[in-house]
Amino acid sequence: MLAKYIEEQLIEAAIEAFRKNLPGQVFVEKPENKLQLNNTNYPDRLIIFKIQNKEITYFLEVKNNITTPAIGNLLLNKNKLPHPLLLITNHVTDFLADNLKRKNIEFIDTAGNGFINQKFLYIFVKGNTPPDIFKHIPKNQAFKPTGLKIIFAFLYNPELINKTYREIALQADVALGTVGWVMKDLTKLGYLVKIKGKQRKLLQKEKLFDRWKTEYAERLHPKLLLGRFTGTIDGLPLDLQKNKNILWGGETAAEKITNFLKPQITTIYAKKEQLNEILLKLRLKKDIDGTIEIYDYFWTPKENDNEETVPPILVYADLAATGEQRNIEVAGEIFKKYVIEYLKEN
DNA sequence: GGGCCTAATATTACCATGGA
DNA sequence: TCCATGGTAATATTAGGCCC
């Protein structure tokens, strides 16, 4: 989550830059009252453009940087809203501008680039560079890779929230000191409170998950990739499955859960130390363009967990991260059917 | 591409506190 | 007093940018 003052600065700068593209034609209003939206955690504000006696209302989605996974999340969210969604971001590169345009995601950035596609107004500007002040915006510890591991551990196993820092560090596979940083951050951001003296409680789980899945895809998921391979896979090695050391993920897991998707990429999550054994058993060959991806199995499975796929929250995050329309639709189904269970407030 | 420098991030080791 | 726990300063590691 961006700090509020940075978010405000981004909005102001982007609007100002956008105004310069159309001098004298744009008026902006920001309603004072925060909106209450059913079944939607964000965005929490809207913006009204008045152009040539016509008016359009947008919900705002503010991002420091926009990436493929973030685009996937925007596609997931934009159809839930009663008004169109306007992305405000630091900088949209030429490539990204074309990509957003193709996916009909409207945006403006601090450099003056933008894409507006309404019946009475069409604007597409790209190629401008942003001002220096927005180049380095600090991130919260909670949404750095180790923090993301901890948040996942809490969402996957809610009981962990009231374990000791040492137990949390062990389960999430991070250092003890990291837990302290992350807990402090989550409290500061309003996702964690202490009740009845010592009990901890996770708040706004859906909002936290929404943020997690975006940051996971951008910051942790790429780090977990152990390699890409080619070969033919008929099934997972049974002995490794029994020990819960190897699971299907991504599109492959989505296919097994929903039967809707025909996977183009085979995704496997496995313990790093067993990679060589897996490659031998499945006869896989390293290939940077291969369609079999193996990721590091970074969490600790629950005792009673006997699934052959990774937890649905991870399947959902993996699908959203691809930014592919066909995966986004299946991700939506998985959310309604499975993910929502993990996000219930207790 | 390699070497260097710097900043960001993660871990380790230690300290303070509170309860038994 | 001892031990478990939460908290944090110091240190190590990693990543990214720049120059040659």
Side-chain angles (χ1 to χ4, degrees), chain A residues 1-3 5-7 9-10 63-70 89-96 109-111 128-203 208 211-228 269 271-273 275 286 288 293-300 314 317 321:
Chain A
M1 181 185 284
L2 285 174
Y5 73 95
I6 292 172
E7 202 173 292
Q9 278 186 313
L10 269 181
K63 297 269 180 202
N64 178 26
N65 291 308
I66 193 80
T67 57
T68 305
T89 186
N90 172 23
H91 182 218
V92 173
T93 60
D94 285 8
F95 174 79
L96 211 48
D109 74 6
T110 61
N128 294 318
T129 51
D132 285 346
I133 56 161
F134 292 110
K135 282 185 180 166
H136 299 288
I137 294 174
K139 289 259 182 182
N140 292 306
Q141 182 77 25
F143 297 107
K144 288 172 187 169
T146 48
L148 293 165
K149 283 184 173 184
I150 293 173
I151 295 171
F152 176 80
F154 288 157
L155 292 171
Y156 169 61
N157 181 10
E159 290 172 10
L160 190 63
I161 195 83
N162 278 309
K163 301 285 185 199
T164 64
Y165 278 23
R166 278 161 180 78
E167 182 65 21
I168 294 168
L170 196 72
Q171 295 281 319
D173 191 27
V174 297
L176 174 64
T178 307
V179 179
W181 282 108
V182 172
M183 299 300 257
K184 206 158 113 182
D185 238 13
L186 288 176
T187 306
K188 191 178 77 189
L189 295 169
Y191 292 120
L192 182 70
V193 283
K194 274 194 172 173
I195 50 169
K196 295 176 193 165
K198 282 196 153 184
Q199 290 280 96
R200 302 186 198 102
K201 187 177 186 328
L202 216 51
L203 300 174
L208 177 62
R211 180 68 180 169
W212 174 84
K213 74 172 195 284
T214 306
E215 299 289 348
Y216 165 79
E218 290 173 19
R219 297 165 71 84
L220 179 56
H221 192 244
K223 283 187 164 208
L224 299 171
L225 183 66
L226 299 176
R228 288 195 175 86
Y269 280 80
K271 298 282 183 189
K272 201 189 295 182
E273 56 274 18
L275 181 63
K286 201 160 180 87
I288 50 166
E293 295 178 340
I294 303 185
Y295 289 90
D296 191 14
Y297 188 153
F298 65 94
W299 65 101
T300 307
L314 199 52

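Just so it is clear, the structure is predicted and the values come from calculations on it, not from any experiment.
- Between A:Ile168 atom CD1 and B:dA10 atom P the separation is 17 Å, expressed in whole Å.
- In this structure, A:Asn162 CG and A:Ile168 CD1 are separated by 8.0 Å, a value rounded to the nearest 0.5 Å.
- Counting non-hydrogen atoms under 4.0 angstrom, A:Thr146 reaches the backbone sugars and phosphates but no base.
- Summarising the geometry, the separation between CZ on A:Arg200 and C1' on C:dG7 is reported as 12 Å, rounded to the nearest angstrom.
- Note on A:Arg166: every side-chain N or O is 4.0 Å or more away from OP1 and OP2 of C:dG7.
- Counting to the nearest Å, the P atom of B:dG18 and the OH atom of A:Tyr165 are 15 Å from each other.
- Going from atom NZ of A:Lys163 over to atom P of C:dT5 covers 11 Å, rounded to whole Å.
- In this structure, A:Ile150 places its CD1 atom 11 Å from C1' of B:dA10, rounding to the nearest Å.
- Following rounding to the nearest Å, A:Ile161 (CD1) and C:dT5 (C1') show an atom-to-atom distance of 16 Å.
- Distance A:Asn162 CG to C:dA4 C1': 16 Å, rounded to the nearest Å.
- For the pair A:Tyr295 and A:Leu225, the minimum side-chain heavy-atom distance is below 4.5 Å.
- Side chains of A:Leu314 and A:Tyr216 form a contact here, defined as non-hydrogen atoms less than 4.5 Å apart.
- Under the 4.5 Å side-chain criterion, counting only non-hydrogen atoms from C-beta, A:Leu170 is not in contact with A:Lys163.
- Distances from the side chain of A:Lys144 to the nucleotides B:dT9, C:dG6, B:dT11 place B:dT9 closest.
- Rounded to an integer number of Å, the gap from CZ of A:Phe143 to P of B:dT9 is 14 Å.
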